[in-house]
Amino acid sequence: MRKLDHQWSILEYNDYFMVKLYQSKYNDILNMYKGEFQQKGIPLSVGSFNVILATYIMVGDTQSAAELVKKMVRGDVVPSIRDFERTMRRCMPHNATIVETAKALISDHGFTTTRILDTNLIHLFGEKRAEDVRRLYLAQKSRKLDLSTYGILLRGFVDSRQIKVAQSIYEDMVNAGVKPSTFVCSTMLTVFTHRRDVASAEKIIQETLKNGHELDITIYTQLIKVYFKARQTAKAFHVFNEIQKSPSMKLNDVVLNTMIDGLVINREMEAAKLLYDQMLKSSIQPDMVTFNTLLKGFIKANDHASAAAVMTDMQKLQLNPDTITFTTMIEAVLSSKQPSSAQESLQMLTTAGMRPNIYTFNAMLNWWVKAQNMREAERTLDILKSPPYNFHPTVHTYTNMLQGYAETMDLPKAMQTFQTMLRSDQKPDRAAFHFMIVSFLRASRLQDAMVCVKRMRAMDVNPTKDTWMLLLDECHLRRDWVVGAEVVQELDASGALMALPNELLLYVLRRYLDLGDLWQLLQVSRDIRFFAMDTIHTRWKFEVTPSAETTMKVQCRAALIALESLSCQLSLQTRVYTLQYPHGPETDLMQREERLHQRIIRGISSYKHKYVLIEDIDIRNRIRSAVDVIFHHAVFVAALSRSPVRLACTHASSNNRALAAMIVRLLTRLDAAFPSYCREITYTLADNIKAFLEYTGYKLLAMNQQHDPLVLYNMVISACFDLMGAAFIGKILSESHVECAVQRTCELLSDDHLRSVKRALLVDLLEGWLTIKRGLVAGELCRLVRLEIDKCDRHGYAAPRRQLTRHYAALIE
DNA sequence: GTAGGGTTAG
């Protein structure tokens with residue numbers, strides 16, 4: 001192998017080491033290295049370094065391995081993870097663990113040197129191994145890195161489209177007190193442009209200037225772009241003027257193209273054309289970028305004459321349309337030519353001498369998707385994947401397909417595409433997940449859509465407000481509160497709830513959540529307590545902040561909210577089951593109801609006044625306050641919970657009556673719980689009804705006839721009437737109490753335009769409550785009510801008779 | 001190691 005008198009070059013030593021390593025002859029390697037190699041003072045090369053390091057690892061001499069790496073801190077050879085892996089692929093292709101060990105050694109002992117760290121990062125980014133870098137970074141994160149290292153990291157992640165990671169590394173950099181260079185500034189401007197974050201862009205510009213760096217025209221160009229993207233045209237023009245005024249900068253084609261594109265983005269085609277005309281007359285002539293930008297704008301604005309004029313100008317300058325031109329125009333071209341197949345549409349390109357790239361294919365594919373022709377979209381996908389193109393589908397390719405399958409409701413294909421996407425190592429982005437979610441929702445698979453959301457969030461991809469909205473709307477539509485609660489939970493956990501625009505937050509709270517849910521939120525989520533309280537305040541108009549005076553009321557309110565939801569379940573089940581309580585599935589509900597009654601009773605009686613003598617008075621007052629709250633809840637709060645939509649459905653009035661019955665059961669229970677305060681509840685209730693009717697009178701006086709707020713108003717009065725009827729059946733109110741109220745109501749509603757309301761109320765009272773129970777003596781009252789109904793009829797009203805239900809009388813007892 | 005144009009929901 002070795003010729004006499006021939007001095008080996010480093011390459012020959014390399015070969016020797018590598019062959020020996022392949023043969024696992026570690027001693028030969030070490031003898032040669034420690035002997036002849038070092039005696040002759042031959043400088044280590046990358047290749048031999050890798051072999052020696054591998055040898056130390058193989059013989060278990062970690063100490064020497066670490067020393068070797070540390071020795072490299074001074075010198076020209078850089079220990080590189082990438083290079084080590086390359087050597088190992090040749091020498092030890094079957095050893096899977098050695099690379100990991102070497103990686104750890106290099107990063108532990110080498111990365112303290114900026115030069116070694118930087119080179120490794122550049123190597124890894126060069127191989128598109130951003131994920132590896134991210135893991136390495138997390139290990140280094142705790143210490144302050146060199147400015148150059150930050151620069152490489154930021155640029156690497158921006159180039160691999162990991163904008164979020166770049167942004168968080170920049171935050172680390174700022175926190176470590178490292179000031180930006182122009183390179184970092186430029187890199188971060190791309191991030192801020194992407195995010196439309198003007199404030200951060202301006203801040204980093206100031207920081208860089210403060211650091212004594214001179215900002216060149218490239219940075220200013222980027223700044224122009226940020227402003228345009230963030231819809232701040234005036235500021236963009238300001239920078240443009242600064243460039244023109246500055247003696248150190250010279251206006252060029254890139255700046256002008258950026259300006260034109262910015263105007264196009266902002267749909268300012270007049271201004272864009274003006275700039276373009278000036279350009280034609282100036283020494284800076286338009287180029288392909290200029291033409292493609294203008295074409296995009298005119299096509300988007302549906303100005304085909306101007307687009308054609310641009311094409312003519314292009315020819316005059318002897319420039320030919322390129323692939324980008326074609327991609328820009330492809331939608332317009334295909335729509336006018338209406339090809340019948342993928343093959344045909346491709347032909348149109350190739351005969352024009354175009355060689356499509358992946359962008360072109362994606363645009364073409366998307367045209368078929370939009371035409372809802374998935375067969376041809378699939379064919380396009382096949383063509384782009386096969387020879388002679390052999391393109392790899394991108395996220396956009398898959399996402400376009402997903403959109404098509406979502407719209408054509410082809411869930412199996414959508415799921416299949418999603419799987420293919422994951423297998424091909426393409427990370428689904430928010431749009432991909434969005435269409436998967438749409439696919440599931442269209443197939444009525446809310447639960448699976450939810451799984452998607454969770455998976456999405458686990459991958460650190462956040463849905464936009466539109467995706468959240470879609471999910472919420474679907475839950476709302478299907479009245480699926482179980483999944484709905486999960487959505488709100490995820491929304492809350494994602495931190496997006498508070499970041500949502502107020503409009504959406506209030507939508508969630510007002511339209512989506514019931515009073516019961518809001519009540520939960522008061523206790524569960526501190527962040528949204530303020531909003532929940534405000535919503536309860538403005539929509540349901542009652543106090544929720546506990547204080548010395550209100551604690552009992554707030555507790556009472558909580559129990560009432562729970563009772564309300566109980567009564568809904570009850571009325572649903574009584575339709576199917578028995579009229580009497582103690583059998584069947586009702587029993588459990590009744591026990592829960594009893595527990596809630598107990599809570600209210602305890603709330604009233606647990607209070608001990610410090611002056612024993614007046615305790616008596618306090619309990620009386622507290623019973624009165626409790627009944628006030630109960631009345632308010634039954635008439636105002638519950639009435640507002642019944643939306644007009646709910647009222648229109650058949651079960652609505654049955655729900656209302658169930659609630660009235662439930663309230664009267666509670667009052668009866670209270671009556672029994674405080675026997676020494678005989679009739680206190682009756683008096684308070686009667687007082688409340690009286691006050692309510694007076695209030696109603698004033699309301700009616702103030703009300704504008706044209707506005708007709710009676711829809712809602714009618715619900716409030718009818719809630720009071722239901723309560724009154726139920727209380728009469730439950731013997732909380734006497735015949736004379738009801739009679740007074742009826743008389744007063746008839747006076748209030750004597751106007752012609754209110755007659756229909758009046759009649760409906762009276763009929764409901766008579767047929768829904770007064771006459772449903774045998775043996776109930778209400779002769780006078782019934783006569784009065786019938787008389788009033790007759791009066792209405794004589795004025796020309798004959799409403800259809802209602803079906804009677806006798807369930808509710810049974811429910812009160 | 002720095003700047004400009006083409007593909008995706010709502």
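The sequence lines fix the lettering, A, B, ..., with proteins before strands; numbering per chain opens at 1.
Among the protein residues, A:Met288 comes within range of the nucleic acid bases, having at least one heavy atom under 4.0 Å from a base atom. At the heavy-atom level, A:Thr182 lies nowhere under 4.0 Å from the strands shown. No contact: A:Ser181 has no heavy atom under 4.0 Å from any strand. A:Phe435 comes within 4.0 angstrom of the backbone, heavy atoms only, and of no base. If you check every strand for non-hydrogen atoms under 4.0 Å, A:Thr464 touches a base. Base contact: A:Thr323 has a heavy atom under 4.0 Å from a base atom. Base contact: A:Ser148 has a heavy atom under 4.0 Å from a base atom. Among the heavy atoms of the strands lying under 4.0 Å from A:Ser186 are primed sugar atoms or P, OP1, OP2 only; no base atom is included. At a threshold of 4.0 angstrom between heavy atoms, the contacts of A:Ile260 with the nucleic acid are absent.
Regarding A:Phe433, its CZ atom lies at a distance of 18 Å from the P atom of B:dG10, rounded to whole Å. Straight-line distance from the CG atom of A:Leu153 to the C1' atom of B:dG1: 13 Å, rounded to whole Å. Straight-line distance from the CG atom of A:Asn211 to the C1' atom of B:dT2: 17 Å, rounded to whole Å. What separates CG of A:Leu189 from C1' of B:dG1 is a distance of 15 Å, to the nearest Å. Rounded to an integer number of Å, the gap from CG of A:Asp322 to C1' of B:dG6 is 9 Å. Following rounding to the nearest Å, A:Ile224 (CD1) and B:dA3 (P) show an atom-to-atom distance of 15 Å. The separation between A:Tyr150 atom OH and B:dG1 atom C1' is 18 Å, rounded to whole Å. Atom CG in A:Asn462 sits roughly 19 Å away from atom P in B:dG10 (whole-Å rounding).
Among the nucleotides B:dG6, B:dA3, B:dG10, the one closest to any side-chain atom of A:Asp466 is B:dG10. Of all nucleotides listed (B:dA9, B:dG6, B:dA3), B:dA3 comes nearest to the side chain of A:Thr218. Looking at the side chain of A:His396, the nearest of the listed nucleotides B:dG1, B:dA3, B:dT7 is B:dT7. Taking only side-chain atoms of A:Asn252, from C-beta outward, the nucleotide of B:dT8, B:dA3, B:dG1 with the closest atom is B:dA3. In this structure, of B:dT8, B:dG1, B:dA3, it is B:dT8 that holds the atom nearest to the side chain of A:Ala431. The side chain of A:Gln222 has B:dA3 as its nearest neighbour among B:dT8, B:dT2, B:dA3.
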Exercise for the section: Take A:Lys203 and A:Met188, measure what side chain to side chain contact (heavy atoms under 4.5 Å, CB included) needs, and give me the verdict at the end. Expected result: CA-CA 11 Å; A:Lys203 201 170 158 202; A:Met188 287 313 292; over 6 Å; no
Exercise for the section: Kindly indicate, with the supporting measurements, whether the criterion side chain to side chain contact (heavy atoms under 4.5 Å, CB included) is fulfilled by A:Arg455 and A:Val461. Expected result: CA-CA 9 Å; A:Arg455 212 163 145 187; A:Val461 182; over 6 Å; no
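With hydrogens and angles ignored, a donor-acceptor pair under 3.5 angstrom links the side chain of A:Asn357 to the base of B:dG6. Scanning atom types as modelled, one donor and one acceptor separated by under 3.5 angstrom connect the side chain of A:Asp216 and the base of B:dT2. Within 3.5 Å, no donor on the side chain of A:Thr328 pairs with an acceptor on the base of B:dG6, nor the reverse.
Classification of A:Glu486 and A:Lys454 as a salt-bridged pair holds, one side-chain N sitting under 4.0 Å from a carboxylate O. A salt bridge links A:Glu378 to A:Lys413: one of the charged nitrogens lies within less than 4.0 Å of a carboxylate oxygen. Of the charged side-chain nitrogens involved, at least one lies within less than 4.0 Å of a carboxylate oxygen, so that A:Lys296 and A:Asp261 count as a salt-bridged pair. For A:Lys235 and A:Glu202, the salt-bridge test passes: some basic side-chain N is under 4.0 Å from an acidic carboxylate O.
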